Undergrad: 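So that we are looking at the same thing, I have put the structure below in structure tokens.
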Number of protein chains: 2
Amino acid sequence: MSTDSEPLEVWCAGSDWCPITTTATLIGKKWHPVVIHRLLENGPLGFNALKEEVDGISAKVQTDVLEDLEEHGFVDRTVVSEKPFRVEYSLTDRGQSLEPVIIAMRDWGREHLTAPADQ
Amino acid sequence: MSTDSEPLEVWCAGSDWCPITTTATLIGKKWHPVVIHRLLENGPLGFNALKEEVDGISAKVQTDVLEDLEEHGFVDRTVVSEKPFRVEYSLTDRGQSLEPVIIAMRDWGREHLTAPADQ
DNA sequence: CTGTATCCACAACGATACTG
DNA sequence: CAGTATCGTTGTGGATACAG
């Protein structure tokens, strides 16, 4: 089912294991879910294209987030061309498997939060 | 549908509004989802009973988390008795509305993570 | 275009000890 | 039982400028 070679046990170090805490540790940050969501919706994206989709993230933070997601096998970084240097970020199978979680968050936010502009 | 008096717009200050980021800001921490989950499953709980259910959290962090969840209207704190001092934490309607998100996280963790003890 | 380099501020987490 | 009080460490995010 998974094309990833890294074992999942690596993520789970610690004495107090719990699927929720561990999941929260992996993607429970301000920007991680949005980055994953944009890659889910808009397919492979370059660094700045992704940055525009995410909207509001700084270059440094986006770099940090992408590195973290890559380390954990959620995101794939591919150099598309060297001359005009181009890169593409995409989700791995493992990254795509997070869709239900991301969608649940999005749906909850849509239903229970109100955008400030609408005021 | 909601018994809460506080408007939801308060949470959404900021120029770059997005339902996912905002939701992530509210509950995207290491312990918040677990605390909510335990209250969902095991109903109203006292401080130490909750602490045992969560398993691994320190008293100080649990206090911080509960205060934050209370501030945002997810959790209700009720003093049950004064003589033997007793308190009960329970979810508000708004807190219960997070169930799909929490369950999605739990299910993902169960399916994609492995407990270290099982090795 | 794709990032790095700094530097900073503050939030989150953790361990231990102690209190009403 | 239900927390507080400290203190320290690490994480997370943010602004700005600069570089290959």
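Treat the numbers as computed from the prediction; the structure is a model and nothing was measured.
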Undergrad: Taking B:Arg94 for the side chain and B:His72 for the main chain, is one N or O donor matched with an acceptor at less than 3.5 Å?
TA: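 Answer holds: yes.
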Undergrad: Rounded to whole angstrom units, what separation is found between the NZ atom of B:Lys51 and the C1' atom of D:dT4?
TA: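 My rounded result for the distance is 14 Å.
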Undergrad: Rounded to whole angstroms, how far apart are CG on B:Asp64 and P on D:dT6?
TA: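 About 15 Å, once rounded to whole Å.
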Undergrad: If you define the side chain from C-beta out and look only at heavy atoms, does anything of B:Lys29 sit under 4.5 Å from B:Val65?
TA: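 Sidechains of B:Val65 and B:Lys29: no contact.
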Undergrad: Please give, in whole Å, the distance from C:dG3 C1' to A:Leu45 CG?
TA: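 The distance from CG of A:Leu45 to C1' of C:dG3 comes to 16 Å, rounded to the nearest Å.
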Undergrad: Of all the nucleotides listed (D:dG14, D:dA2, C:dG14), which has the minimum atom distance to the side chain of B:Phe47?
TA: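 The answer is D:dA2.
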Undergrad: For the side chain of B:Arg86, counting heavy atoms from C-beta on, which of D:dC1, C:dT4, C:dT2 is nearest?
TA: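 From the listed options, D:dC1 comes nearest.
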Undergrad: Rounded to whole Å, how long is the line connecting atom CG of B:Asp55 with atom P of C:dG14?
TA: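 Taking atom P of C:dG14 as the reference, CG of B:Asp55 is at 12 Å.
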Undergrad: What is the distance, to the nearest angstrom, from the CD1 atom on A:Ile27 to the P atom on D:dG11?
TA: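 Value for this atom pair: 19 Å.
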Undergrad: Write down the distance between CD (A:Gln62) and P (C:dT4), rounded to a whole number of angstrom.
TA: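 So the CD-P distance, A:Gln62 to C:dT4, works out to 11 Å.
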Undergrad: I'd like to check B:Phe74 versus B:Asp68 (side-chain heavy atoms, cut-off strictly below 4.5 Å). Are they in contact?
TA: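 With C-beta onward as the side chain, the pair stays apart.
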Undergrad: Write down the distance between NE2 (A:His32) and C1' (D:dG11), rounded to a whole number of angstrom.
TA: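 Atom-to-atom, A:His32 to D:dG11, this comes out as 10 Å.
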Undergrad: Walk me through it: do B:Trp31 and A:Thr21 pass the test side-chain hydrogen bond (donor to acceptor under 3.5 Å, both in side chains)?
TA: CA-CA 6 Å; B:Trp31 294 109; A:Thr21 325; over 6 Å; no
Undergrad: Between D:dG14, D:dC1, C:dT2, spot the one nearest the side chain of A:Arg77, thanks.
TA: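 When the side chain of A:Arg77 is considered, C:dT2 is the closest of D:dG14, D:dC1, C:dT2.
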Undergrad: Output the single nucleotide from C:dC13, D:dG13, C:dT2 whose closest atom is nearest the side chain of A:Lys30.
TA: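 Closest nucleotide to the A:Lys30 side chain: D:dG13.
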Undergrad: Report the residue (B:Lys60 or A:Gly28) whose heavy-atom-nearest nucleotide on DNA chain D is the more 5′ of the two.
TA: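 Residue closer to the 5' terminus by nearest nucleotide: B:Lys60.
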Undergrad: Would you mind reading off the distance between A:Glu67 atom CD and C:dG3 atom P, rounded to a whole angstrom?
TA: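 So the two atoms are 9 Å apart, to the nearest Å.
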Undergrad: Report yes if a side-chain nitrogen or oxygen of A:Tyr89 is closer than 4.0 Å to either non-bridging phosphate oxygen (OP1 or OP2) of C:dC1; otherwise report no.
TA: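 Result: no.
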Undergrad: With respect to the side chain of A:Asn48, which nucleotide from D:dG3, C:dC1, C:dG3 is positioned closest?
TA: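 Side chain of A:Asn48 sits closest to C:dC1.
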Undergrad: Choose from C:dT2, D:dG13, D:dC1 the nucleotide whose nearest atom is closest to any side-chain atom of A:Val87.
TA: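 My answer, after comparing the listed nucleotides, is C:dT2.
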Undergrad: Take A:Trp17 and A:Thr22 through the side-chain hydrogen bond (donor to acceptor under 3.5 Å, both in side chains) test and state the conclusion after the steps.
TA: CA-CA 7 Å; A:Trp17 190 79; A:Thr22 311; 3.2 Å; yes
Undergrad: By nearest atom, which of the nucleotides C:dA12, D:dA2, D:dA15 is closest to the B:Lys29 side chain?
TA: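 For the B:Lys29 side chain, the nearest candidate turns out to be C:dA12.
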